2 protein chains.
Amino acid sequence: MNDSPLDLEARAHSEHAQELRLWLRLLTCSQLIEKRVRAGLREQFDTTLPRFDLMAQLERHPEGLKMKDLSHRLMVTGGNVTGITDQLVNEGLVERLDVDGDRRAFRVALTDLGRTTFAEMARQHEAWIVDAFEGLSPRDLDSLHKLLGKVKAHQLDINQRIEE
Amino acid sequence: MNDSPLDLEARAHSEHAQELRLWLRLLTCSQLIEKRVRAGLREQFDTTLPRFDLMAQLERHPEGLKMKDLSHRLMVTGGNVTGITDQLVNEGLVERLDVDGDRRAFRVALTDLGRTTFAEMARQHEAWIVDAFEGLSPRDLDSLHKLLGKVKAHQLDINQRIEE
DNA sequence: TATTGTTATACTCTATAACTATA
DNA sequence: TATAGTTATAGAGTATAACAATA
């Protein structure tokens with residue numbers, strides 16, 4: 001498969017070099033970890049990250065989530081959620097349940113099989129992630145989390161401005 | 001298009017909650033920024049991130065890069081590089097040049113048009129990135145860069161072990 | 001009229017494997 | 001035999017837009 005280094009960080013060269021370098025490093029880190037997670041999900045569970053993410057959302061909402069909520073939470077458009085949900089329904093991991101008082105919508109929820117399957121995947125997923133941050137002290141983890149919190153807050157801020 | 005928050009961070013709940021939360025936040029941040037960059041490249045330049053990344057590599061190597069080097073640097077397999085390169089060649093942004101002493105290979109390099117086109121894109125790209133990290137002080141930027149440096153080093157470390 | 005969800009379509013990116021041509 | 005690159009294929013993910021059913 002892929003080799004190692006990737007020279008993505010190579011393209012920083014202006015007065016805003018600091019921001020560019022940071023972005024490229026951020027992108028590199030998340031791509032490297034994400035590649036590992038995707039590969040693991042495919043090899044060990046024959047599944048994909050979007051499917052895992054959808055199930056993760058449902059695990060936190062045992063009563064189920066409407067398609068629209070899923071679409072919003074997963075940051076993808078409706079048609080995609082339909083597709084992924086269909087796959088999971090076909091495999092018996094997920095089911096569509098009625099919503100009282102709105103016959104257009106329904107709740108998507110994990111089945112028993114879905115719950116036990118997800119538990120296994122989540123356990124393994126956790127191990128990959130712990131491994132990914134192995135080199136960092138608890139203090140580092142905390143600093144990183146806080147700094148990224150600022151970044152995230154600013155992004156959501158921008159998005160909100162755009163939506164209005 | 002997409003709304004705002006995304007509840008991806010919702011799935012953290014074990015003794016390793018710290019690592020999981022960090023990963024989900026890291027993923028969220030890079031996805032939010034990446035979405036903005038992709039949208040901008042599409043809307044303003046009718047191009048894509050992989051194409052931009054390929055051109056960015058070439059800009060740093062005016063003498064050109066071999067397909068294999070590009071494949072390695074961009075972390076994708078050879079067939080993909082052929083495809084993206086073909087597109088860029090068709091649009092006159094990039095060209096394939098001979099390599100002395102190896103008639104199997106050639107150098108891919110930016111054309112004059114490619115160079116001026118890329119310069120424009122890079123200028124805009126930089127503005128998006130600066131904007132994305134607007135809320136952070138130079139000190140924050142630096143801390144973040146260093147911490148992510150540890151993460152990256154560890155990932156490359158793991159990859160190396162796997163390759164051997 | 002607006003909303004929920006589906007369907008149909010098209011495009012990009014990706015990996016894999018078989019292939020050609022050089023080395 | 002090994003390497004550089006291409007081709008062919010298949011699959012995942014995405015957005016868009018038109019559509020049906022219900023509110």
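Residue numbering restarts at 1 for every chain, and letters A, B, ... go by the order of the sequence lines. Just so we're clear, the structure is a prediction, and the values are computed from it rather than from any experiment.
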Original post:
Are side-chain heavy atoms of B:Thr48 and B:Arg38 found at a separation under 4.5 Å?
Top reply: no
Subject >> Side-chain touch A:Arg51/A:Gln87, heavy atoms, less than 4.5 angstrom >> reply: yes
Original post:
salt bridge (Lys or Arg N to Asp or Glu O under 4.0 Å) between A:Arg107 and A:Asp100: does it pass, once the steps are laid out?
Top reply: CA-CA 10 Å; A:Arg107 293 135 49 212; A:Asp100 303 348; 5.3 Å; no
Subject >> Gap between atom CG of A:Leu136 and atom OG of A:Ser143 - 0.5 Å precision >> reply: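 So the gap between those two atoms works out to 9.0 Å.
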Short side-chain N/O contact to [N] OP1/OP2 from [X], under 4.0 Å:
X: A:Lys35; N: C:dA15; answer: yes
X: A:Thr77; N: D:dA15; answer: yes
X: A:Ser71; N: C:dG5; answer: no

**OP:** Report yes if the distance between the aromatic ring centroids of B:Phe118 and B:Phe52 is under 6.0 Å, otherwise no.
**Re:** yes
Roughly how many Å is it from [atom1] in [X] to [atom2] in [N], rounded to a whole number?
X: A:Leu54; N: C:dG5; atom1: CG; atom2: P; answer: 13 Å
X: B:Asp98; N: C:dA23; atom1: CG; atom2: P; answer: 11 Å
X: A:Arg36; N: C:dA15; atom1: CZ; atom2: P; answer: 15 Å
X: A:Phe52; N: D:dG13; atom1: CZ; atom2: P; answer: 14 Å
X: A:Arg42; N: C:dT16; atom1: CZ; atom2: P; answer: 7 Å
X: B:Leu41; N: D:dT14; atom1: CG; atom2: C1'; answer: 16 Å
X: A:Lys68; N: C:dT3; atom1: NZ; atom2: P; answer: 7 Å
X: A:Asp46; N: D:dA10; atom1: CG; atom2: C1'; answer: 15 Å

Subject >> More than 12 heavy atoms from other groups under 6.0 Å of CG on A:Asn90 >> reply: yes
Could you write out each protein N or O paired with an N or O of nucleotides 6-9 of chain D at a distance under 3.5 Å?
{"residue": "D:dT6", "atom": "OP1", "partner": "B:Arg96", "partner atom": "NE", "Å": "3.1"}
{"residue": "D:dT6", "atom": "OP1", "partner": "B:Arg96", "partner atom": "NH2", "Å": "2.9"}
{"residue": "D:dT6", "atom": "OP2", "partner": "B:Thr82", "partner atom": "OG1", "Å": "2.5"}

**OP:** Would you sort out whether B:Gln57 and B:Val108 count as a side-chain contact (heavy atoms from CB on, under 4.5 Å), showing the intermediate values?
**Re:** CA-CA 10 Å; B:Gln57 290 300 329; B:Val108 182; over 6 Å; no
**OP:** Check step by step if side-chain contact (heavy atoms from CB on, under 4.5 Å) holds for B:Leu74 and B:Ile84.
**Re:** CA-CA 11 Å; B:Leu74 298 172; B:Ile84 296 174; 5.9 Å; no
Subject >> Short side-chain donor-acceptor distance under 3.5 Å, B:Thr77 and B:Asn80 >> reply: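 The answer is yes; a qualifying pair exists.
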**OP:** Could you give me the stems involving DNA chain C, meaning stretches of three or more consecutive Watson-Crick or G-U wobble pairs whose two defining distances are both below 3.5 Å?
**Re:**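 Correct response: C:1-23 with D:1-23.
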Protein-nucleic acid N or O pairs under 3.5 Å, nucleotides 20-23 of chain D:
{"residue": "D:dA23", "atom": "OP1", "partner": "A:Arg103", "partner atom": "N", "Å": "2.7"}

**OP:** Check the angle between the aromatic planes of B:Trp128 and B:Phe45 and answer parallel, tilted or perpendicular using the 30° and 60° thresholds.
**Re:**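 The rings of B:Trp128 and B:Phe45 stand perpendicular, inter-plane angle above 60°.
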Original post:
Which nucleotide sits closest to the side chain of A:Lys66: C:dG5, C:dT14, C:dT12?
Top reply: C:dG5
**OP:** List the steps, then state whether side-chain contact (heavy atoms from CB on, under 4.5 Å) holds for B:Leu110 with B:Leu93.
**Re:** CA-CA 6 Å; B:Leu110 288 177; B:Leu93 300 170; 5.6 Å; no
Original post:
How far apart are the C-alpha atoms of A:Val151 and B:Leu144, what are their side-chain angles, what is the distance that settles it, and do they pass the side-chain contact (heavy atoms from CB on, under 4.5 Å) test?
Top reply: CA-CA 10 Å; A:Val151 177; B:Leu144 202 40; 4.0 Å; yes
